[in-house]
Amino acid sequence: SSDLDEKQALLYKAYQHHQQLKARKETLAELEADFSGFFHGVKEILLARDRGELQGIEGAVAELIQVEAKYSQALETALGAASQHIVTVNEQHAQKAISWLKQKRAGRATFLPTTVMRSRKIAQQQLYDIQSHPAYVALAYELVSYAPENTNIVENLLGNVLVAANLEGASQIARTLGFKYRVVTLEGDIINAGGSLTGGAVKQQSSLFSRKAELDKLVTTLTDMEKTIQSAEQTVALKKSQIAELRHTLEDMKLQGELLREQEQLHRSKL
């Protein structure tokens with residue numbers, strides 16, 4: 001019984017934790033659906049796309065790529081405002097979207113037609129000297145996941161940006177490459193092409209990438225937790241069944257004991 005009580009207490013805690021995570025997931029999903037955090041013009045275009053008012057809108061860059069949480073700060077820095085550029089099938093779709101923004105007075109946005117965007121990548125031979133540097137992490141485009149049809153877009157935006165573990169290492173890498181390319185750190189500091197540095201502390205807030213990464217992680221966590229809860233419920237149900245069976249057996253034994261005592265009394269009286 002004490003074992004059952006302990007298991008039930010753990011199950012109730014799991015229920016509470018599951019509800020908290022589910023509420024957080026629903027909040028994040030609502031923010032995603034409403035395109036919270038996007039610039040006004042970008043948000044209006046994405047909402048118009050979802051309503052079917054605009055054709056050929058593939059989505060904002062932040063929608064089309066996935067980034068692990070540990071790289072989200074670096075990639076958000078590497079992309080800057082480009083994370084909210086809108087990818088279109090071709091130039092005509094971009095032109096129609098701009099006309100729509102003007103007509104509705106709904107703000108501005110930058111468009112990336114897939115038909116004209118070209119890949120830009122640092123030549124492999126230029127990377128030989130810095131790939132063995134202890135602070136070197138990767139080229140920025142190597143740290144994101146995306147559909148094959150968006151390769152040119154991603155390589156255009158991130159193919160000539162390097163990611164380093166820290167600012168000191170980033171400075172050394174940038175110097176080795178003659179300050180020709182941007183190097184960003186995992187904390188979001190930047191060595192700009194030309195050698196200028198940008199960095200410091202920013203007010204912590206949920207970025208588009210970290211929000212999406214958290215939402216993806218929550219979906220996985222909740223799925224795993226639901227399986228665990230289901231297993232725990234089965235264990236508790238089995239324990240209850242076993243206890244009920246034992247109680248039933250005990251009642252039978254008590255009843256048999258009473259009958260035996262009555263028989264004993266009868267035999268004693270006969271004796």
Side-chain angles (χ1 to χ4, degrees), residues 28 31-32 35-39 42 59-87 110 112 117 119-124 126-148 150-218 220:
L28 291 174
L31 291 172
E32 286 275 291
F35 302 110
S36 177
F38 283 94
F39 301 140
V42 177
V61 170
E63 288 184 297
L64 301 176
I65 65 176
Q66 288 76 47
V67 183
E68 284 185 59
K70 61 182 174 181
Y71 299 128
S72 63
Q73 185 68 60
L75 268 296
E76 189 182 11
T77 302
L79 282 166
S83 66
Q84 299 201 33
H85 289 356
I86 296 170
V87 178
T110 298
L112 309 174
M117 298 298 290
S119 172
R120 293 186 301 172
K121 285 163 70 176
I122 301 173
Q124 191 61 41
Q126 292 181 284
L127 297 174
Y128 288 143
D129 293 336
I130 55 98
Q131 282 180 320
S132 59
H133 193 288
Y136 177 78
V137 176
L139 288 169
Y141 81 93
E142 295 172 333
L143 300 177
V144 299
S145 303
Y146 50 91
N150 293 318
T151 298
N152 281 357
I153 300 285
V154 174
E155 290 181 354
N156 179 278
L157 298 175
L158 298 171
N160 59 359
V161 181
L162 300 102
V163 178
N166 51 59
L167 187 56
E168 185 183 356
S171 296
Q172 293 166 1
I173 289 167
R175 187 175 293 106
T176 302
L177 293 170
F179 297 103
K180 290 179 184 175
Y181 306 104
R182 211 157 28 119
V183 185
V184 302
T185 71
L186 296 177
E187 289 187 336
D189 298 317
I190 315 167
I191 310 294
N192 299 291
S196 62
L197 285 76
T198 304
V202 290
K203 187 178 178 183
Q204 282 295 332
Q205 57 184 12
S206 178
S207 73
L208 298 173
F209 293 126
S210 62
R211 183 175 74 200
K212 189 158 68 168
E214 186 185 354
L215 184 55
D216 290 343
K217 188 178 178 182
L218 276 172
T220 305

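Position 1 is the first residue of the sequence, and the numbers go up from there. Computed from a prediction, not measured in an experiment: that's the story for all the values here.
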Legend entry - Pair Leu143-Val67, side chain to side chain contact (heavy atoms under 4.5 Å, CB included): steps then yes or no: CA-CA 7 Å; Leu143 300 177; Val67 183; 5.9 Å; no

Inset, instruction - Step by step, work out the side chain to side chain contact (heavy atoms under 4.5 Å, CB included) result for Ile65 and Leu79. - result: CA-CA 11 Å; Ile65 65 176; Leu79 282 166; 3.8 Å; yes

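Looking at heavy atoms from C-beta onward, Val87 lies in side-chain contact with Leu64 at the 4.5 angstrom threshold. The side-chain heavy atoms of Leu75 and Val144, taken from C-beta on, include a pair separated by under 4.5 Å. Under the 4.5 Å side-chain criterion, counting only non-hydrogen atoms from C-beta, Ile191 is not in contact with Tyr181. Residues Leu127 and Leu139 meet the side-chain proximity criterion, which asks for heavy atoms closer than 4.5 Å. The side-chain heavy atoms of Lys121 and Gln126, taken from C-beta on, include no pair separated by under 4.5 Å.
Formation of a donor-acceptor pair under 3.5 Å by the Gln84 side chain with backbone atoms of Ala81 is not found in this model. Side chain of Ser72 to main chain of Glu68: no donor-acceptor pair is present (N/O by atom type, distance under 3.5 Å, no hydrogens or angles).
Once rounded to the nearest 0.5 Å, the distance linking OH of Tyr141 with CD1 of Ile122 reads 9.0 Å. Atom CG of Leu112 is separated from atom NE2 of His85 by 5.5 Å, given to the nearest 0.5 angstrom. Interatomic distance, Phe39 CZ to Ile86 CD1, rounded to the nearest 0.5 Å: 11.0 Å. Atom-to-atom distance recorded for Tyr71:OH and Glu142:CD is 10.5 Å, nearest 0.5 angstrom.
At a cut-off of 3.5 Å, with distance as the only test, no side-chain donor of Ser145 or Gln66 sits close to an acceptor on the other residue.
The 12-atom threshold is exceeded at CD of Glu63, counting heavy atoms of other residues, nucleotides or ligands nearer than 6.0 Å.
In this structure, the side chain to side chain donor-acceptor pair (under 3.5 Å) partners of Thr198, at least two apart in sequence or on a different chain, are Asn192.
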Side-chain donor-acceptor pairs of residues 157-175 under 3.5 Å, sequence neighbours excluded:
from	atom 1	to	atom 2	distance (Å)
Asn166	OD1	Gly169	N	2.7
Ser171	OG	Leu167	O	3.1
Gln172	OE1	His133	NE2	2.6

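Closest approach of Ala193 and Lys180 over heavy atoms only: CB-O, 3.7 Å. Considering every non-hydrogen atom in both Asn156 and Arg120, the closest pair reads O-NH2, 2.8 Å.
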